[in-house]
Peer 1: 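Handing you this structure, nothing more for now.
These values consider heavy atoms only, across backbone and side chains, with no hydrogens, waters or symmetry-generated copies. Just so we're on the same page: letters track the sequence lines, and every chain starts at 1. These numbers come from a predicted model, not from an experiment.
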Amino acid sequence: MRPKNIVLGVIGFDCHSVGNKILETFFTEAGFKVHNLGVMVSQEEFINAAIETNSKAIMVSSLYGHGEIDCAGLRERCIEKGLDDILLYVGGNLVVGKTPFAQVEEKFLKMGYDRVFGPDCSLEHVAELLHQDLLSREEKED
Amino acid sequence: MRPKNIVLGVIGFDCHSVGNKILETFFTEAGFKVHNLGVMVSQEEFINAAIETNSKAIMVSSLYGHGEIDCAGLRERCIEKGLDDILLYVGGNLVVGKTPFAQVEEKFLKMGYDRVFGPDCSLEHVAELLHQDLLSREEKED
Amino acid sequence: MSFNKLDMDTFNQIREELLGTWPTGQGLELEEAIAYQKTIPESKNFAVAMQRASKEGKTLLQPRAGVALIPDHIELLKYLETEGEADLLPTTIDAYTRLNRYQEAANGIARSLEAKTSLLNGFPAVNHGVPGCRQVTEAVSKPIQVRHGTPDARLLAEITLAGGFTSFEGGGISYNIPYAKKVPLKKSIDDWRYVDRLTGIYEENGVHINREPFGPLTGTLVPPFISHAVALIEGILALREGVKSITLGYGQAGNLFQDIAAMISLRELAHEYFLREGFEDYELTTVFHQWMGGFPEDEAKAFSVISWGASVAVLSNADKVIVKSPHEAMGIPTKEANAQGLRCTRQMVSMLRDQKFLVSEDHREEIEQIKREVKCIMDAVYSLGNGDIEAGTIAAFEAGALDIPFAPSMYNHGKILPMRDNDGFIRVFNKGNLALSDDVMAYHRDKLEERAKAEGRKVSFQMVTDDIYAISKGGLVGRPR
Amino acid sequence: MSFNKLDMDTFNQIREELLGTWPTGQGLELEEAIAYQKTIPESKNFAVAMQRASKEGKTLLQPRAGVALIPDHIELLKYLETEGEADLLPTTIDAYTRLNRYQEAANGIARSLEAKTSLLNGFPAVNHGVPGCRQVTEAVSKPIQVRHGTPDARLLAEITLAGGFTSFEGGGISYNIPYAKKVPLKKSIDDWRYVDRLTGIYEENGVHINREPFGPLTGTLVPPFISHAVALIEGILALREGVKSITLGYGQAGNLFQDIAAMISLRELAHEYFLREGFEDYELTTVFHQWMGGFPEDEAKAFSVISWGASVAVLSNADKVIVKSPHEAMGIPTKEANAQGLRCTRQMVSMLRDQKFLVSEDHREEIEQIKREVKCIMDAVYSLGNGDIEAGTIAAFEAGALDIPFAPSMYNHGKILPMRDNDGFIRVFNKGNLALSDDVMAYHRDKLEERAKAEGRKVSFQMVTDDIYAISKGGLVGRPR
Ligand code: B12
Ligand code: B12
C-alpha cells in the first residue's frame, strides 16, 4: 500500500509552530505522506496543495484563538475548487477561551469539518480514524 | 470604666490552641478582662466560669468541625442556670467542610448564639460589636 | 544503661483489660489478626512502599481523609486513588475517637446517618470495629495508614492493625502535647509503648508494619530542632519495642534553606542517635508535611502554599509528602478539593524529581546549626533521665528543657516563643527553659536583631503574632503593616 | 567601529509614510503625544515602577490580557488591578494587528460586537486609535504596557505611545523569528530601529518609556544562552537609539538551578556587554516568564506550574514576573482565571521575597558555563558583522550560528535541537551550525549521555518530543514510558 498523501498546516496568521512540527513527524511515522505547509497558511494555499499533491485529507491546525474566523468557508471553497469529497480535520485551541469541547465540536462540524479535535487529543487515535476515514472514502469511490 | 469580664474557650474535644492564645491577648488588649479556659472546654465549664466571674459574655471557639454537635444546647443550659441574658458569641471553622458562611450563621443563630463569626473575621470589628452589645445590655438592665 | 521491651505478661494483662473497654474490642485475637495481615498483598504494605520509595528516590503522595460512615469513606478513598493519583491512603480518625469518647463518636455516626453527611471530622474506626476496618482496607488497592492524634491509641491500634492497616501514625509525645490538655506525659508515653510493642509483635511474626511519629507538632512556628528532638525520642522508643519500619516527619517551616537543612539533618541525626542506642536493623524513611499552620482562604493562594510545600518536599528528597487541599483554611475538604491538592502536588513532584539540590557552604552551616541545637536538647534529656530516655523526656518537659510552642497541654512548659528572622528562618525569641547553650542562643538573638533592625521595631511579642498570621495573610515574615 | 542613531530626516520620512497606512495614524502629532505623556502621573510610569522594584528588591506581577472591544478591555484590566492584585498591567494585542492586518482586525471587532464576546485574541490598538488607547490608559491606575509579537510594530508604537502606554515590548529578532514566517530579519531589525528611535525621542523630550525585548522566544526548550544572546543584541540596539529603561527577559526553563544561573548571568552579561558598547547611562531591569511551553490541562496541575514559575522568579530576584493562568492549556483566560493566576503568584512572591538564595560552587560553575556559551555566540555575531552587530546578527541567523529552536521563520536556520539532561537542564543535542566551541559542546554531550545511560536508550529525537510534552503531561524530563 502506498502511503496516503495528506496536507498539514496552521491556518490564518497563527505562528504556533511546535505542534505542527510534531504532527509532521507523527503522521509521517504513522505511514502518511505529509505535505506540511507550516504555519500561517491561507485557505487557498491549503486547497492548492491538496490539488497539487492529490491529497484526500487536509489537516488544519489553529491554536491562537482566531480559528472560528479563519476556518469558516474552507469547506465551501474546497467544493468550488472541485475537492468535493476531501476530508477536513481540524484541531488545536480552536476558539478564544476555555470552552466545553462539545460546543467547539458542534461549531466546527457545522462549518463542514469532518472531525474536530482538542489540544489533548491522542494522536494515535487520530491516525486510526484517518486511516479508516480514508479507507471508507476509497471504498465509496470504487 | 472597669474592664468587662468575658469567658473565652474552645468547646468540646477540640485541641486547636493557637487561635485561643491570640484571642486572649487580643481581647485583653481591647480592654476586656478575659477568663480564658483554654481548649477542650465543656458547656458546664463555660457556664460555671461565667457565673463565678460574673461575665456577661461567653466567647466560644470551635475549629475542628464538631461545632454543630458541641455547641447545641448551650443557650438552653445557660437559661437553666439562670444566665438569662448572657451574650453568646461563637467563631471558628464551625461546621465540617467548606460551607457558605450565611448557612453556617443561620444554623448557629437558630441555636441561640447572638453572633457568629468565620475564621476570617476581623477581631477589631468583633471587639467593637462586643462593646456595643454589652453596652446595650447594660442599658436594658438599668 | 539497659532497657527491655515491654514484657509479654504485662502486655497481655493490659491487653485483656483494654479490649473490654468497648464492645468492638471484645474477643479480638492477635493470632487471627496476624494471619489476616499475612493475606494482604505486598503491594499494599505501607512499610514496603516507604522503603521502596526511599531506595528509588521517589516522593510518595498521601492526603488526609476520613468521614463518619463506611460506604462514604470507601468512596472517598477510591476517589483519592483514582482522581487524586494518591500513592498512599490515609484514614483520618475523628476527634471523639482520638480522645476515647466512643459514645460521642456513636452519637456522631447516628447524627451523620440522619443528616446524610458526615458530622464527624474523621472515621470512627473503633466504633466500626475490625470488620468495618477490613471493609475499608480491602476496598482500596494502595497501602493505607491510620492518621489521628490520640494520646491513648492502644485500642485504636489493636482494632486497625487487625483491620488490615499497615501503618500507624503517632507517638507518646507528638500525639499528646499538641493534641490534649490534661493527659500526663508519663501516661501517654506508657500507652504508646504498648502500641509500639504491639507493632513489634506483628514484626516478630513476620508482618511488616510502618510507624510514623507525628513530626509537625502544633504546626505553628516550630523550630526544626524541637520537632527533631521529639522525632528522635519517639523513634528510639519505637525501635526499642521492636518496630522496624520508622518514618520520621517534619512540618514545613517556610524558608527553603531551613527546610532542606532540616530534612538533611533529620536523616543524619536519626542514624546517629539510633546507632548510638545500638540499633542497626531498621528502615528509616522521612515524611515532609506541607505547611501545617494557618492557610489563606483564597483557593488560588492556597494552591500556592500547597505547591511550595510540594517543591520543598521533593527538593529535600522526602520519601513521602503529606498533602493539603485548597479548602484547608475553611473546612474538611470535599473529595474533589482533596484530589486537587494531590494533583497539584503530583505535578510539582514530577517536575522536580529529577532536580538535584546543590548545597552551598553557608547552607551546610545551617545543617550543622540544627544539629548543635538538637544535641543541646538531647544531652539535657539524657542527663535529666540519668541515661533513661523516657524519664529524661518527662523531666525535660516538666523543666521546660524541651518545650513545644503554642501547645495546649498542661504538661508542656509553654514558655518558649519562636519567631522568624529576616530571611524567614524560625528562630527562638524567648527560650524559656529550653536547654539551649549560650552560643546557640547568641546566634538566634543576632538573627532576630537583624530583623528588628530591618523592620525598625524592637523584637517583641507582636512579631510572633504577625508571624503566626503571615502565611494566611500572604507572606512568610510577619512584617509591620 | 562606530554607529549612529537613526537620523531625524530618515525617521521623519519613514514616519510620514507610515502614518498614512491606516486612518488612525493620520495627523498623529509627536509634540502633542509627548505633551500628553507628560500629564501621566509618575505612579503610572512603567520605567519608574521597574526601576523602583529593582532598587527595593521587589518582584512585580504582570498578567497578559487583551480583548477586542474597549469597554470590555477596560473592565478586564480593572478587574486584574483589583481582584488580581496586579502591579503592572498589559494590553495584549491581537494576532491580526501583529501582522498589520488591520482590515481583518476591523472584521474581528465587528464580529465581536455581533457575538457580544471577543472573537479576537487581543486588543486591536491600531484600529481603536489614539483616543481608544487613551480611554484605556486613563481608566486604570497602574503602569501599563503594550505586549504583542509584531515584526513591524512601528504604527502600533506610534499609536500606543501617543495613547499613554509607558512601556513597549518586543524587538527585531524576538518579535520576528518566533512570530512570523516570511519577514526578512533585516526588515524587522530596521523596523524595530524605528521603534527604538521613537522611544529615544520620547526620552530626549523628558518622557521615560520602558522597552522590553521578548525573552522567551518560542517558549519551547530554548537554552538560556540563545535567549541571552538575543536579549543582549536587542538591548544594545535599543540603547543605541536612545532607550534608557531596558528590561531583559528570560523564560523559565524548569530546572531551579539552571533558571537561577540564567537570571544571574543575564544581569551580569548585560552590564558587561553594554559597558563594552560604551553605554553607562541606562536602567537595567529583568523579567522572568513563568513556563512558556505547553501547560497541563488540569487546573490544579496548572496552578503547580504557575507556582513553580513564581517561586523561581522570586528566588532569582526578577524585577517582574509574567503570570500565566490556570486556563493556559485551553484558551485565553477569563478575567477570573487570570486573577487566580495572579493571586497564586502573589502568595508565592510574598512568601519567598525574604528568602536569600545561597549559591554553591557547582552552581556558580553553571553561571560561568552560560557565560562561556553566550560569549561563543556573541563573538561569532561580532566577527560575522566585522564589528557591526546588526549585520552580524543577520549573518549569524543566515549561517545558523545563532539559531532559535522550533521557530517558524524561514530566516531561521532551524537546525539546532535542544534536549534536557538528566537533571532537567536544557542542553544542546544537535548544534546545527551554532557557534559553540568544541569544549562547550563536549560538556553538553557528556550531560546528555548521562541521561541516555540513566534511561537505557540512545540520545535521540524521540527524547526531544518527549521533552516538549513533558510538563503538559506532568514531568520535566521526558522519560520513556
Ligand atoms: C494548626 C492546625 C492544627 C494543629 C493544631 C495545634 C494546636 N494545638 O493548636 C494540629 C495539627 C494538631 C491540628 C489537629 C487537628 N485539626 Co487542625 N488545623 C490547623 C490549621 C492548619 C490552623 C489552625 C490555626 O492555628 N490557625 C491560626 C489561628 C490564629 O487561627 P484560628 O485557629 O482560625 O482562630 C482564629 C479565627 O478562627 C477566629 N476565631 C476562632 N474562634 C473564635 C471565636 C470567636 C467568638 C470569634 C469572634 C473569633 C474566633 O479568631 C482566631 C484568631 O484570629 C487549621 C486550618 C487553617 N486555619 O488553616 C486546621 C483545621 C482547623 N483543623 C482541622 C481538623 C479537622 C483537625 C483534626 C480533627 C485532624 C484532622 N481530621 O485533620 C485535629 C484536631 C483534633 C482535636 N482533638 O481537636 C480542620 C477543621 C475542619 C472543619 N471545621 O471542617 C481545619 C480547618 C483543617 C481542614 N480544612 O481540614 N490542626
Ligand atoms: C508556546 C506558545 C506560544 C509561543 C509559540 C512559539 C511558536 N512559534 O510556536 C509564543 C510565545 C510565540 C506564542 C504566541 C502567541 N500565543 Co501562544 N501559546 C503557546 C503555548 C504555551 C504552547 C503551545 C505549544 O507549543 N504546545 C505544544 C504543542 C506540542 O501542542 P499544540 O500546539 O497544542 O499542538 C498539539 C495539539 O493541539 C494537537 N493539534 C494541533 N493542531 C491539530 C490539528 C489536527 C487536525 C489534530 C488532529 C490535532 C492538532 O496536536 C498537536 C501535537 O500534539 C499555548 C498554551 C498551551 N498549550 O499550553 C499558548 C496558546 C496556544 N497561545 C495563545 C495565544 C493567544 C498566543 C498569542 C496570540 C499571544 C497572546 N495573545 O497571548 C500569540 C500568537 C501570535 C500569532 N500570530 O500566532 C493562546 C490561544 C488562545 C485561545 N485559543 O483561546 C494559548 C492557548 C495560550 C492561552 N491560553 O492564552 N505562544
Side-chain angles (χ1 to χ4, degrees), chain A residues 8-30 36-43 45 61-73 91-105 107 111 117-124, chain D residues 67-68 94-101 104-105 107-108 111-112 115 117-122 149 151 176-182 218-221 293-299 325-334 337 405-410 412 414 461-462 464-465 468-469 472-473:
Chain A
L8 176 69
V10 186
I11 201 165
F13 298 95
D14 190 334
C15 74
H16 292 90
S17 44
V18 180
N20 175 264
K21 285 182 206 269
I22 289 195
L23 291 175
E24 174 175 350
T25 314
F26 179 83
F27 286 117
T28 306
E29 280 175 12
N36 187 7
L37 307 176
V39 304
M40 300 190 164
V41 180
S42 67
Q43 296 196 353
E45 289 173 291
S61 293
S62 177
L63 284 312
Y64 73 156
H66 291 181
E68 239 177 301
I69 301 181
D70 296 338
C71 294
N93 300 88
L94 293 171
V95 300
V96 169
K98 183 169 181 168
T99 313
F101 181 69
Q103 235 166 281
V104 177
E105 190 176 25
K107 225 172 226 170
M111 283 190 209
F117 302 93
D120 57 333
C121 63
S122 139
L123 298 184
E124 285 76 14
Chain D
V67 288
D94 73 289
Y96 293 135
T97 302
R98 291 167 185 225
L99 291 154
N100 316 104
R101 310 297 300 214
E104 273 92 348
N107 176 29
R111 296 201 41 183
S112 300
T117 174
S118 180
L119 293 179
L120 290 180
N121 56 17
N176 176 357
I177 307 295
Y179 282 97
K181 185 173 173 179
K182 295 180 183 168
T218 49
T220 306
L221 298 179
F295 252 65
E297 291 199 17
D298 178 68
E299 296 191 18
S325 91
H327 284 185
E328 178 63 15
M330 298 308 294
I332 302 225
T334 57
F406 312 110
S409 171
M410 52 191 275
N412 187 56
F461 184 73
Q462 183 58 41
V464 183
T465 312
I468 289 175
Y469 282 121
S472 66
K473 301 222 163 141

Peer 1: Looking at D:Pro408 and A:Val39, what are the two nearest heavy atoms and their distance?
Peer 2: CB-CG2, 3.5 Å

Peer 1: Heavy-atom distances under 4.5 Å only: say whether D:Leu120 touches chain A with side chain, backbone, both or neither.
Peer 2: both

Peer 1: Hey, which of A:Val18, A:Leu94, A:Thr99 has the most heavy atom pairs under 4.5 Å with chain D?
Peer 2: A:Val18

Peer 1: To the nearest 0.5 Å, what is the distance between CD1 on D:Ile177 and SG on A:Cys15?
Peer 2: 12.0 Å

Peer 1: Would D:Thr220 and A:Lys21 count as a side-chain contact (heavy atoms from CB on, under 4.5 Å) if you check the C-alpha gap in whole Å, the side-chain angles of each, and the deciding distance to 0.1 Å?
Peer 2: CA-CA 12 Å; D:Thr220 306; A:Lys21 285 182 206 269; over 6 Å; no

Peer 1: Does one side chain, of A:Asp70 or D:Tyr96, offer a donor that lies under 3.5 Å from an acceptor on the other?
Peer 2: yes

Peer 1: List in chain and number order the residues that pass side chain to side chain donor-acceptor pair (under 3.5 Å) with D:Thr218, two or more places apart in sequence or in another chain; answer none if no residue qualifies.
Peer 2: none

Peer 1: D:Tyr469 vs A:Ile22, test: side-chain contact (heavy atoms from CB on, under 4.5 Å). Steps then yes/no.
Peer 2: CA-CA 10 Å; D:Tyr469 282 121; A:Ile22 289 195; 3.2 Å; yes

Peer 1: Apply side-chain contact (heavy atoms from CB on, under 4.5 Å) to residues D:Arg98 and A:Phe13 and explain how you reach the verdict.
Peer 2: CA-CA 9 Å; D:Arg98 291 167 185 225; A:Phe13 298 95; over 6 Å; no

Peer 1: Examine whether an atom of D:Pro405 lies under 4.5 Å from a heavy atom of chain A, and if so say whether it belongs to the side chain, the backbone or both; otherwise answer neither.
Peer 2: neither

Peer 1: Of all of A:Glu68, A:His66, A:His16, which one pairs up most often with chain D through heavy atoms under 4.5 Å apart?
Peer 2: A:His66

Peer 1: If you look at every heavy atom in A:Pro119 and D:Ala329, which pair is closest and at what distance?
Peer 2: CG-O, 4.0 Å

Peer 1: With a 4.0 Å cut-off on N to O distance, would you call D:Glu299 and A:Lys98 a salt bridge?
Peer 2: yes

Peer 1: At a heavy-atom separation under 4.5 Å, does D:Ala407 approach chain A through its side chain, its backbone, both, or neither?
Peer 2: backbone

Peer 1: For each of A:Val10, A:Ile69, A:Asn20, tally heavy-atom pairs with chain D at distances under 4.5 Å, and name the one with the top tally.
Peer 2: A:Ile69

Peer 1: What distance do A:Thr25 atom OG1 and D:Gln462 atom CD have between them, rounded to the nearest 0.5 Å?
Peer 2: 9.5 Å

Peer 1: Side chain of D:Asn121, backbone of A:Gly65: donor and acceptor closer than 3.5 Å?
Peer 2: no

Peer 1: If you count heavy-atom pairs under 4.5 Å between each of D:Ile468, D:Ile332, D:Thr465, D:Thr117 and chain A, which one has the most?
Peer 2: D:Ile332

Peer 1: Side chain, backbone, both or neither: which part of D:Leu99 has a heavy atom under 4.5 Å from chain A?
Peer 2: side chain

Peer 1: Looking at D:Lys181 and A:Val41, what are the two nearest heavy atoms and their distance?
Peer 2: NZ-CG2, 4.1 Å

Peer 1: Checking heavy atoms, do the side chain of D:Arg101, its backbone, both or neither come under 4.5 Å from chain A?
Peer 2: side chain

